[in-house]
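Below is one structure, written out as structure tokens, with a few remarks after it.
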Amino acid sequence: MALVLDRYPGVTYDAAPPVVTDLEELRLLRKWEAAIGYRIFAAMRWGQTGDGHITARDPILADHFWVLGYGIRFGDATIDNLTLVGPDGQGVSGPLENGVNFAAYHIHWPILNARPDLASAAHTHTPYGTPWSANVEPFRAISQESCAFVFDQSLYDGDNLEVNDVDGGEAIARAMGPSRVCILRNHGLLTGGRSPGEAVGWFVAAERVAEVHVKAPDAKAISEEAAKEVEASLFSEDNGWRMFQWLARDLVPDPSVVLG
């Protein structure tokens with residue numbers, strides 16, 4: 001069935017990510033979700049100083065990824081102004097006049113290279129994720145959404161806030177391991193997903209968890225047993241993608257805007 005990208009499908013309670021076997025269609029879907037993701041970040045007033053990136057692994061050239069063209073504001077993201085970046089950090093197609101987003105390359109390429117299970121990674125500097133990361137502590141089970149991460153998180157303790165080479169990104173990838181969220185010391189949050197939508201959904205959830213941690217520093221955590229029950233009930237593998245569906249419909253009500 002051909003992709004329909006100018007409107008959102010209905011969302012059922014147990015909605016699951018679409019299974020797309022045609023690689024050209026999968027490329028288009030990933031670019032579409034990444035562009036929608038950037039607009040979600042923009043609607044939340046994130047990335048206003050050019051900080052942050054959402055990447056989408058190309059399903060045909062699997063060692064390449066798509067990222068918003070450098071110098072383009074998040075709120076203007078479309079499938080046509082994403083840049084394809086190769087494993088050497090060089091731009092291959094898309095807008096190249098302002099150069100390549102090397103911060104995205106240095107962080108995201110090593111992660112995607114180390115994690116064949118991921119199709120996307122998301123990172124930007126946020127009002128609560130960044131200050132929480134300065135504590136260099138993991139999340140605790142102090143809210144419902146926290147339970148999505150307490151058993152599936154990692155912490156990068158490096159103080160190289162300016163990740164200016166792939167060695168820094170490889171260190172982050174090692175620290176991240178198989179987890180869905182990595183707290184980058186004094187830097188902020190980074191999430192991975194099997195699709196850009198999933199990575200963005202988990203990122204927004206992680207930011208909300210960080211907000212609870214910042215605002216309730218003396219909160220009492222629930223028990224590990226109770227936290228595992230919440231995780232099993234509400235935070236399946238598909239839940240990041242489902243959260244993206246709600247965010248997209250609320251913050252980018254007309255998905256045709258990213259079709260160029």
Side-chain angles (χ1 to χ4, degrees), residues 5 8 29-57 65-83 85 94-95 98 100-108 111-112 118-133 145 148-149 161 163 172 180-184 187-211 214 239-260:
L5 301 178
Y8 296 116
L29 177 61
R30 287 182 179 176
K31 292 174 68 178
W32 180 81
E33 286 193 359
I36 296 282
Y38 274 109
R39 287 181 180 248
I40 288 171
F41 279 13
M44 303 187 82
R45 302 184 69 183
W46 299 345
Q48 291 179 319
T49 59
D51 51 294
H53 4 81
I54 300 166
T55 52
R57 184 195 301 275
F65 66 82
W66 297 90
V67 65
L68 187 63
Y70 196 76
I72 299 170
R73 74 181 193 95
F74 287 11
D76 290 331
T78 69
I79 61 173
D80 293 329
N81 60 24
L82 300 178
T83 296
V85 180
N98 295 325
V100 169
N101 189 327
F102 285 109
Y105 169 69
H106 293 149
I107 297 174
H108 291 244
I111 291 170
L112 295 174
L118 297 183
S120 177
H123 164 71
T124 191
H125 304 165
T126 49
Y128 297 100
T130 298
W132 175 254
S133 73
E145 289 169 324
F149 302 108
L161 302 186
V163 185
I172 292 173
R180 64 175 52 145
V181 63
C182 186
I183 300 170
L184 309 177
H187 193 163
L189 307 173
L190 183 146
T191 55
R194 297 167 300 171
S195 67
E198 183 174 278
V200 169
W202 287 135
F203 188 92
V204 175
E207 168 65 5
R208 290 178 175 174
V209 171
E211 180 177 0
V214 169
N239 211 52
W241 176 85
R242 292 192 187 111
M243 286 187 283
F244 171 79
Q245 303 307 308
W246 289 105
L247 288 161
R249 285 157 178 75
D250 186 45
L251 300 175
V252 191
D254 178 9
S256 70
V257 297
V258 305
L259 297 179

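Values in this document were obtained by computation on a predicted structure and should not be read as measured data.
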Using a 3.5 Å distance criterion without hydrogens, assess whether the side chain of W46 forms a donor-acceptor pair with backbone atoms of T124.
no
Student check: side-chain heavy atoms of I40 and V252 closer than 4.5 Å:
yes
Residue pair F203 / T191: nearest heavy atoms and the distance that separates them
CB-OG1, 3.4 Å
I want to check something: taking the side chain as every heavy atom from C-beta on, are V67 and Y105 in contact at a cut-off of under 4.5 Å?
no
For L184 and S133, what are the C-alpha separation, side-chain angles and deciding distance, and is it a side chain to side chain contact (heavy atoms under 4.5 Å, CB included)?
CA-CA 6 Å; L184 309 177; S133 73; 5.7 Å; no
Would you indicate whether the side-chain heavy atoms of P127 and E211 approach each other to under 4.5 Å?
no
What distance do W32 atom CH2 and L259 atom CG have between them, rounded to the nearest 0.5 Å?
8.5 Å
Hey, does T78 have a side-chain heavy atom less than 4.5 Å from the side chain of V257?
no
Taking side chain as C-beta onward, heavy atoms only, is I172 less than 4.5 Å from I111?
yes
Would you say E145's side chain and V209's backbone share a donor-acceptor pair under 3.5 angstrom?
no
Passes side chain to side chain contact (heavy atoms under 4.5 Å, CB included), D76 versus L68? Steps please.
CA-CA 9 Å; D76 290 331; L68 187 63; over 6 Å; no
F74 and G47 have their tightest heavy-atom pair at CE2-CA, 3.5 Å
Flag, side chain of R57 to backbone of L118, donor-acceptor distance under 3.5 Å
yes
Candidate pair W132 and I183, rule side chain to side chain contact (heavy atoms under 4.5 Å, CB included), full reasoning
CA-CA 9 Å; W132 175 254; I183 300 170; 4.1 Å; yes
Between L82 and A34, the two heavy atoms sitting closest are CD1-CB, 4.4 Å
Does any N or O in the side chain of H106 come within less than 3.5 Å of the main-chain N or O of F102, such that one atom is a donor and the other an acceptor?
yes
Run the salt bridge (charged side-chain N to carboxylate O under 4.0 Å, His left out) test against D80 and tell me which residues pass, sequence neighbours left out.
none
Looking only at heavy atoms, the pair that brings V258 and A35 closest together is CB-CB, 3.8 Å
Quick check: closest heavy atoms across W202 and N239, and the distance to 0.1 Å?
CH2-CB, 4.0 Å
Do any N or O atoms from the side chain of T55 and from the backbone of S120 form a donor-acceptor pair under 3.5 angstrom?
no
Are the ring centres of H123 and H125 closer than 6.0 Å?
yes
Could you check if a side-chain atom of Y8 sits within less than 4.5 angstrom of a side-chain atom of I36, using non-hydrogen atoms only?
yes
Residue list, salt bridge (charged side-chain N to carboxylate O under 4.0 Å, His left out) with R180, at least two apart or on another chain
D152
Find the distance between CG (D51) and NE2 (H187) and round it off to the nearest 0.5 Å.
8.5 Å
Treating E33 as the side-chain partner and G197 as the backbone partner, does any N or O pair qualify as donor plus acceptor under 3.5 Å?
yes
Heavy-atom pair with the smallest gap, counting every atom of V204 and F41:
CG2-CE1, 4.5 Å
Mind running side chain to side chain contact (heavy atoms under 4.5 Å, CB included) on W66 and R30 for me, showing each step along the way?
CA-CA 9 Å; W66 297 90; R30 287 182 179 176; over 6 Å; no
I'd like to check R194 versus W241 (side-chain heavy atoms, cut-off strictly below 4.5 Å). Are they in contact?
no
If you draw a 6.0 Å radius around CZ in R45, do more than 12 non-hydrogen atoms from other residues or ligands fall strictly inside?
no
Can you tell me if Y38 uses its side chain to pair, donor with acceptor, with the backbone of I54 under 3.5 Å?
yes
Test your reading of the model: is there a side-chain donor-acceptor pair from R39 to the backbone of L251, 3.5 Å cut-off?
no
Close side-chain approach of H53 to I107, heavy-atom, < 4.5 Å
yes
